[in-house]
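Comments concern the structure below.
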Amino acid sequence: MTEATPERTVRLRATLDSIPRYVAGKPAAEEPGRTTYKISSNENPYPPLPSVLQVVQDAMLTMNRYPDMGTVALRDAIAKHFGVHADEVATGTGSVGLLGTLLQITCEAGDEVVYAWRSFEAYPIVVGLSGATGVQVPLDGESRHDLSAMADAITDCTRLVIVCSPNNPTGPAVRAAELEEFLDRVPSDVLVVLDEAYLEFNRDTDAANALAVWRSRPNVAVLRTFSKAYGLAGLRVGYCIAHEQVASALRTAAVPFGVSHVAQQAAIASLAAYDELDERVQALVAERDRMLIGLRDLGYPVPDTQANFVWLPLGDKTLDFAAAAEAAGVVVRPFAGDGVRCSIGEVEATDRLLEVAKSWSSRASR
Ligand SMILES: *Cc1c(COP(=O)(O)O)cnc(C)c1O
């Protein structure tokens, strides 16, 4: 039998050819006699809280039923927690799911979406799939959003702007003053989404307060997730706080029953347990600062980070560093030719990474 030539079968959308593949963070290989660490996906290293686990176990008992399609109890809990109205909340299968829906409700083929680059790797994928044209605006020399260049990039075709703060994978958060200045330049019919997946880790006292900005700007929406600080990455649940027109459109376009009952209940329980989760977030922030200072002390030019990861801008040495880390039993996330993102995980993972960074830099400088 000869091999089939797949390109000669059904006719798929041409845009698929130009869509980059999402590269999931590699798992750490199990090794006898040595603990290995996965710091490649910005996950929360802590296991689920017992109180959340109990709720999940109870919720599983009804998995023969569809979940509440309107996610009413979850939207109410989010609304109460953040002081907004439930009509201003939409939920989705992680904030990546909501991003796709945001594209669906804003963009026709050929419309433009402005976002910073390098930023979250899902952006070019969801934008490309929608048929819209992504307009990538390079980060500035400190790996921050160049909001003035982003404002310059807006045209009559722009329908959506994504601002990632803190920025994945580089770390810095957008500041209040620069964001206001930027928003003053964005036409009022262009939706600006503030992707705050790492909000809870942000300690920059100059950072923008996205909810306050959202309240004062009809064309702003805030995108958040239960995947990072709340530790529910595997359950796929995120939310968007938006003005009613946008939130209602998001609910209309949502995948029916996308967010499972288990995920809805876990998210509600996690909001209720946030004080407990916050202790973990604070420990991760302390650990982040230890990793940041340790790497800078070794001479690495690490930009500011307000998230649960640090960025090593290693350029063409990126893959070499990642391989050295993997050999030492700690798996990081390389972006070939650009840099390495190291998530904050276990204390031992930080220790291991700092050891690798030390031996790698002395080897590299020889
Ligand atoms: C992790 C991440 C998300 C959240 O993804 P989920 O789909 O909610 O798991 C969203 N935006 C950015 C920038 C992220 O890094």
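Since we're looking at a predicted model, the values are computed, not measured. Residue numbers run from 1 in the order of the sequence given. Hydrogens, waters and symmetry mates play no part in the numbers below; they use all other heavy atoms, side chains included. One-based numbering, in listed order, for ligands and for the atoms of each.
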- [ ] Identify, for atom 4 (C) of ligand 1, the protein heavy atom at the shortest distance, and state residue, atom and that distance.
- [x] Ser95 OG, 3.0 Å

Task: Atom indices of ligand 1 within 4.0 angstrom of Ala197 heavy atoms, with elements - done: 2 (C), 3 (C), 10 (C), 11 (N), 12 (C), 14 (C)

Open item on the list: Within the structure, is a non-hydrogen atom of Tyr198 found at a distance of less than 4.0 Å from ligand 1?
Closed with: yes

TODO: Would you mind listing which atoms of ligand 1 come within a distance below 4.0 Å of any non-hydrogen atom of Asn168?
DONE: 13 (C), 14 (C), 15 (O)

- [ ] Using a cut-off of 6.0 Å, state whether more than 12 heavy atoms not belonging to Tyr274 lie near its atom OH.
- [x] yes

TODO: Check whether the side chains of Thr71 and Thr91 place a donor and an acceptor atom closer than 3.5 Å, and report yes or no.
DONE: yes

- [ ] Run the numbers for me: atoms of ligand 1, each under 4.0 Å from some heavy atom of Cys164, listed by number.
- [x] 13 (C)

- [ ] Go through the side-chain N and O atoms of Asn219 and Ser188 and say whether any donor and acceptor fall under 3.5 Å apart.
- [x] no

Task: Atom CZ of Arg34: over 12 foreign heavy atoms under 6.0 Å - done: yes

TODO: Scan side-chain atoms only and decide if Arg341 and Asn168 contain a donor-acceptor pair under the 3.5 Å cut-off.
DONE: yes

TODO: Measure the acute angle between the ring planes of Tyr198 and Phe201, then classify it against the limits of 30° and 60° as parallel, tilted or perpendicular.
DONE: tilted

Task: Glu181 atom CD, neighbour heavy-atom count above 12 within 6.0 Å - done: no

Task: Within-cut-off N or O pair, Thr93 and ligand 1, under 3.5 Å - done: no

- [ ] Identify, by atom number and element, the atoms of ligand 1 in contact range of Lys228, meaning under 4.0 Å from any of its heavy atoms.
- [x] 1 (C), 2 (C), 3 (C), 4 (C), 14 (C), 15 (O)

- [ ] Could you tell me whether ligand 1 has any atom less than 4.0 Å away from a heavy atom of Asp195?
- [x] yes

- [ ] Please state whether Ser227 comes within less than 4.0 angstrom of ligand 1, counting heavy atoms only.
- [x] yes

Task: Per-atom contacts, ligand 1 versus Arg236 - under 4.0 Å to a heavy atom - done: 6 (P), 7 (O), 9 (O)

TODO: Report, as yes or no, whether the 6.0 Å neighbourhood of atom CD on Glu31 holds more than 12 heavy atoms from other residues, nucleotides or ligands.
DONE: yes

Task: ligand 1 N/O within reach of Asn42 N/O, cut-off under 3.5 Å - done: no

